[in-house]
Amino acid sequence: MDQKVRVRYAPSPTGFLHIGNAQSALFNYLFARHFNGTMVLRIEDTDTKRNVASGEKSQRENLDWLGIDWDEGPDKPNPKYAPYRQSERNKKGIYHKYIQELLDKGIAYKDYTTEEELQEMRERQRANNEAPHYDGRWYGKSEEEQKAAEAKGLKPTIRFHFPKNHEYEWDDIARGHVSFNSDNLGGDFIIEKSDGMPTYNFAVVVDDHSMEITHVLRGADHISNTPKQMAIYEALGWEHPVFCHIPLIFNPKTRKKLSKRDKDTLQFINEYKKHGYLPEAIFNFIAFLGWSPVGEREIYSKDELIKVYDPKRMSKAPAYFDQKKLDWMNAQYIKKIDVDELAKRTMELVKEGETEEAKHLQSIPEDQCLDILKKTIHVHQRDVDKLLEVMAYAWDYYTVLDQHFNYDPIVANDDFANDDVLAVLKGLKDKLVNGGDDLDYSQAIKEVGKETGVKGRNLYFPLNLAFTGATSAPQIYEIMAIYPKETDIKLLDRMIDAF
RNA sequence: GACCCGUUAGUCAAGUGGUUAAGACACCAGCCUUUCACGCUGGUAUCGUGGGUUCAAAUCCCGCACGGGUCACCA
């Protein structure tokens, strides 16, 4: 890169950070960090109807959680480029200045068509099997006609007038050479709404130019917006940035763009957070949505990704969202992180209380809760996909005495001699009752096996059942260590009584 | 309907003229283990389709089929 790289992530604060937003933010972030450039956060809040009060905050918190930070933004203004919210920029007249310039040049014009008329126009065109487009009816109208419309109380929008049969083309980092003809772009488009706000297609151009953005990485759904924006760059005599259109994320079931209505897929980053996915895993996973490094490795830390990121390797085909793969990847990270750290993170989820599991655990005093989380993680770190499962297990263990176990699988099974089972249960109980606090459960079980002559599954299955209610379980001495010793004894008694 | 784009195993996904067509997930089998899980080993594709170019094509060209994106006073 021969010039200082400046990229931006520019969400509209209409809700939570969506996985598609996150993907776009992430690639901009990787690009900025890889090329030692500047990452800008800009808030595109020109749609006053759809803005959500906490939208911006949520975006920022979730980016933060993912480990994506920025160098400039509403909270870190660089005076040279501020402000970073389009609503504030509009108040300063930044957009209107250029709108006026285009108006003066005769490239833009006022349009008094009402929304109803527009809709009617589109319907008619569709009915005639035509591509929906604005027909240019207000282009070149006289001032008298405009005044007449004004007199009727109509507020105009301002439209950009396309040159005829003009080719817009660019070399897209991800897509290669792309071109569109001005005649296929849906007709003259609105650059200022009747409420005085600029539209997206106009505001991005003004902002990207005035913020000296060098590279625009955004979702592939913006491809057909690009020629419109290029037309504005051209009309204003500006150079356009380099574009890179990131493949969209698809739902493998519907084979369409991930929709917020797809119930089978978690859509928002905060949902991943509350289910106990780790930000490292999500970051890693999203980086592979539409991109891949050279080689076969798939587990990469953030720093490693920054190092190996190569925008030329962006894919063209859509990226299919594979939930199972994400779960696997999250499990990989869970295995890598140490128990104390995982327990700390799980504890944070408990405190936030966003899930049933978390709410349950909130009823336990904090130090005890942390303790049982640590013990649970110690046992389940190897087999759990997300921290939510840890919370569920921990609650099961904490409330084990309230649960009803069905001992039939052993009691009624001819493979297990009742005398043997009882001998084992009683033998172990003796060890617990007589042993000190430092009793080694693993050792104790082995001794019981020796003393009773019961071994293998005949020894372990009854114990699994006594302590977990199931015949298969993780290492049973580890489960025993999760419970207080009195609980272990009660669980043994309970099963002994059942015989 | 118009304009852009994509199409490699059950699911993702490398691969840009000559490869035994990577790897991952899932699945199946084996090993390990009291069981479960983890881990390890092995297994499954002639690259949508029809033509063409070439000594040689998943890789280049054309047609077709299928899928998608976009055509808002949303971003």
Side-chain angles (χ1 to χ4, degrees), chain A residues 10-14 21 44-47 49-50 86 111 113-115 118-119 122 125-134 155-159 175-176 178-181 183-187 189-201 203-204 218-228 245 247-248 250 252-257 288-289 291-299 313 315-329 331-332 335 379-384 445 449 454-465 468 470-476:
Chain A
S12 61
T14 52
N21 300 145
E44 308 213 327
D45 55 353
T46 54
D47 187 350
K49 285 177 222 122
R50 296 205 316 159
Q86 290 186 330
D111 171 32
T113 316
T114 64
E115 297 201 43
L118 286 173
Q119 201 180 338
R122 266 179 243 124
Q125 289 162 344
R126 259 184 228 280
N128 293 342
N129 255 342
E130 286 174 51
H133 64 281
Y134 176 71
K155 285 237 185 291
T157 58
I158 296 175
R159 285 192 186 259
R175 307 238 145 197
V178 186
S179 76
F180 286 85
N181 187 288
D183 294 348
N184 293 324
L185 266 23
F189 63 102
I190 294 175
I191 55 178
E192 188 180 287
K193 307 180 216 176
S194 54
D195 67 359
M197 281 285 199
T199 58
Y200 164 75
N201 278 128
V204 250
R218 67 193 358 171
D221 48 345
H222 283 292
I223 289 175
S224 42
N225 284 144
T226 306
K228 296 180 187 174
H245 287 96
L248 262 18
F250 274 31
K253 279 218 186 81
T254 61
R255 305 202 68 89
K256 288 182 184 163
K257 189 166 81 152
F288 277 70
L289 251 24
W291 178 82
S292 65
V294 179
E296 28 187 81
R297 188 146 78 95
E298 298 195 293
I299 303 295
R313 294 184 58 81
S315 162
K316 278 185 177 185
Y320 285 85
F321 188 90
D322 185 343
Q323 180 71 49
K324 289 204 172 137
K325 183 83 176 266
L326 204 210
D327 286 351
W328 169 81
M329 193 171 272
Q332 298 305 304
K335 290 193 215 343
V379 174
H380 287 286
Q381 186 171 27
R382 58 186 190 158
D383 62 63
V384 110
I445 292 171
V454 179
K455 52 189 169 183
R457 59 196 286 274
N458 290 291
L459 172 63
Y460 283 95
F461 276 34
L463 295 178
N464 287 348
L465 196 57
T468 70
T471 49
S472 59
Q475 296 293 359
I476 202 63

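Computed over heavy atoms, backbone and side chain alike; hydrogens, waters and symmetry mates excluded. So you know, we letter chains A, B, ... as the sequences are listed, proteins then strands, and number each from 1.
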message: Rounded to whole Å, how long is the line connecting atom OH of A:Tyr134 with atom C1' of B:U70?
response: 21 Å
message: If I pick the P atom on B:G30 and the same atom on B:C36, what distance separates them, to the nearest angstrom?
response: 12 Å
Selection from B:A13, B:A75, B:C4 that lies nearest to any side-chain heavy atom of A:Phe180: B:C4
message: Base, sugar-phosphate or nothing for A:Gln475? Non-hydrogen atoms, less than 4.0 Å.
response: base
message: So A:Leu248, base contact, sugar-phosphate only, or nothing? Heavy-atom distance under 4.0 Å.
response: sugar-phosphate
message: Return the CE to CD distance between A:Met197 and A:Glu192, rounded to the nearest 0.5 Å.
response: 10.0 Å
Gap in Å between the two C1' atoms, one belonging to B:U49 and one to B:U7, rounded: 11 Å
field: Atom C1', compared across B:G6 and B:U59: separation rounded to whole Å
entry: 16 Å
task: Rounded to the nearest angstrom, tell me the gap between atom CD in A:Gln323 and atom P in B:C12.
output: 14 Å
query: Does A:Tyr460 lie flat on the base of B:U34, that is, centres under 5.5 Å apart and planes under 30° off?
result: yes
- prompt: B:G42 and B:G48: how far apart are their C1' atoms, nearest whole angstrom?
  reply: 30 Å
task: Compare the minimum distances between each of B:G69, B:A75, B:U35 and the side chain of A:Phe250, then state the nucleotide with the smallest one.
output: B:G69
message: By the 4.0 Å heavy-atom rule, please label A:Lys155 as base, sugar-phosphate, or nothing.
response: nothing
query: In whole angstroms, how far is the P atom of B:G67 from the NZ atom of A:Lys316?
result: 21 Å
query: Taking CE from A:Met329 and P from B:G23, how many angstroms apart are they, rounded to a whole number?
result: 17 Å
- prompt: OH of A:Tyr200 versus C1' of B:C71: gap in Å, rounded?
  reply: 15 Å
- prompt: How many angstroms lie between CG in A:Asp47 and OG1 in A:Thr199, if you round to the nearest 0.5 Å?
  reply: 11.0 Å
message: Within the 4.0 Å heavy-atom criterion, would you say A:Ser472 contacts the bases, only the backbone, or no part of the nucleic acid?
response: base
- request: Looking only at side-chain atoms of A:Asn464, point me to the closest of B:U11, B:U35, B:A24.
  value: B:U35
- prompt: Looking at NE2 of A:His245 and CG of A:Asn225, how far apart are the two atoms once the value is rounded to the nearest 0.5 Å?
  reply: 8.0 Å
task: For nucleotides B:C12 and B:G68, find the distance between their P atoms and express it as a whole number of Å.
output: 13 Å
field: Distance in angstrom units between A:Asp327 CG and B:A24 P, rounded
entry: 18 Å
query: At under 4.0 Å between heavy atoms, what does A:Thr468 touch on the DNA or RNA strands: base, sugar-phosphate, or nothing?
result: nothing
message: Measuring only the C1' atom in each nucleotide, how far is B:A14 from B:C25? A whole number of Å is fine.
response: 15 Å
B:U8 to B:A58 separation - P atoms, rounded to the nearest Å: 15 Å
query: Which nucleotide sits closest to the side chain of A:Glu296: B:G23, B:U11, B:C4?
result: B:G23
statement: Checking B:G23, B:C74, B:U70 against the side chain of A:Lys325 (C-beta onward), the nearest is B:G23
- prompt: Which part of the nucleic acid does A:Ala10 contact within heavy-atom distance under 4.0 Å: base, sugar-phosphate only, or nothing?
  reply: nothing
Distance, rounded to the nearest Å, where A:Lys228 contributes NZ and B:C4 contributes P: 15 Å
message: Need one value for A:Thr46: base, sugar-phosphate or nothing, where a base atom within 4.0 Å counts as base even if backbone is also close, heavy atoms only.
response: sugar-phosphate
- prompt: Given Watson-Crick or G-U pairs with both distances under 3.5 Å, what dot-bracket string fits RNA chain B, with | for other-strand pairs and [ ] for crossing?
  reply: ((((((((.[[[..)..(....]]].(((((.......)))))....[[[[[..)....]]]]])))))))....
statement: Rounded to whole Å, the CZ-P distance (A:Arg218 to B:A75) equals 13 Å
message: Quiz question: going by heavy-atom distance under 3.5 Å, is there a donor-acceptor pair between the base of B:C73 and the side chain of A:Ser194?
response: yes
task: Please confirm whether any donor atom in the side chain of A:Asn225 sits under 3.5 Å from an acceptor in the base of B:A75, or the reverse.
output: yes
message: Mind checking if A:Arg382 touches a base, just sugar-phosphate, or nothing, with heavy atoms under 4.0 Å?
response: base
- prompt: Given the rule in the side-chain hydrogen bond (donor to acceptor under 3.5 Å, both in side chains) test, do A:Tyr134 and A:Asp111 qualify, once you have shown the distances and angles that lead to the verdict?
  reply: CA-CA 11 Å; A:Tyr134 176 71; A:Asp111 171 32; 2.9 Å; yes
query: In terms of side-chain heavy atoms of A:Asn184, which of B:C73, B:C5, B:C3 is nearest?
result: B:C3
- prompt: If we take the C1' atom in both B:C32 and B:G69, what is their distance in whole Å?
  reply: 50 Å
message: So A:Ala473, base contact, sugar-phosphate only, or nothing? Heavy-atom distance under 4.0 Å.
response: base
query: Reckon A:Arg255 touches a base, only the sugar-phosphate, or nothing at all at heavy-atom distances under 4.0 Å?
result: sugar-phosphate
query: Which residue, A:Pro198 or A:Asn458, contacts RNA chain B at a nucleotide closer to its 5' end, judged by nearest heavy atom?
result: A:Asn458
- request: Would you mind classifying the nucleic acid contact of A:Arg175 as base, sugar-phosphate or nothing, using non-hydrogen atoms under 4.0 angstrom?
  value: sugar-phosphate
query: How would you label the contact of A:Glu44 with the nucleic acid (heavy atoms, under 4.0 Å): base, sugar-phosphate, or nothing?
result: sugar-phosphate
Nucleotide nearest A:Ser12 (side chain, heavy atoms from C-beta), chosen from B:A2, B:C4, B:A75: B:A75
task: State the OG-CG distance between A:Ser179 and A:Asn184, to the nearest 0.5 angstrom.
output: 10.0 Å
query: Of the candidate nucleotides B:G6, B:A75, B:C12, which contains the atom at the shortest distance from the side chain of A:His222?
result: B:A75
field: Out of B:A26, B:G69, B:A13, whichever nucleotide has its closest atom nearest the side chain of A:Lys324
entry: B:A26
- line: Nearest heavy-atom approach of A:Val178 to A:Ile223 is CG1-CG2, 4.5 Å
- request: Counting heavy atoms from C-beta on, name the nucleotide in B:C5, B:A24, B:G15 closest to the side chain of A:Arg313.
  value: B:G15
message: Once you apply a heavy-atom cut-off of 4.0 Å, does A:Lys455 come out as touching a base, just sugar-phosphate, or nothing?
response: nothing
message: Base, sugar-phosphate or nothing for A:Pro132? Non-hydrogen atoms, less than 4.0 Å.
response: base
- line: Walking RNA chain B from its 5' end, the first of A:Pro293 and A:Thr471 to be reached, judged by nearest nucleotide, is A:Pro293
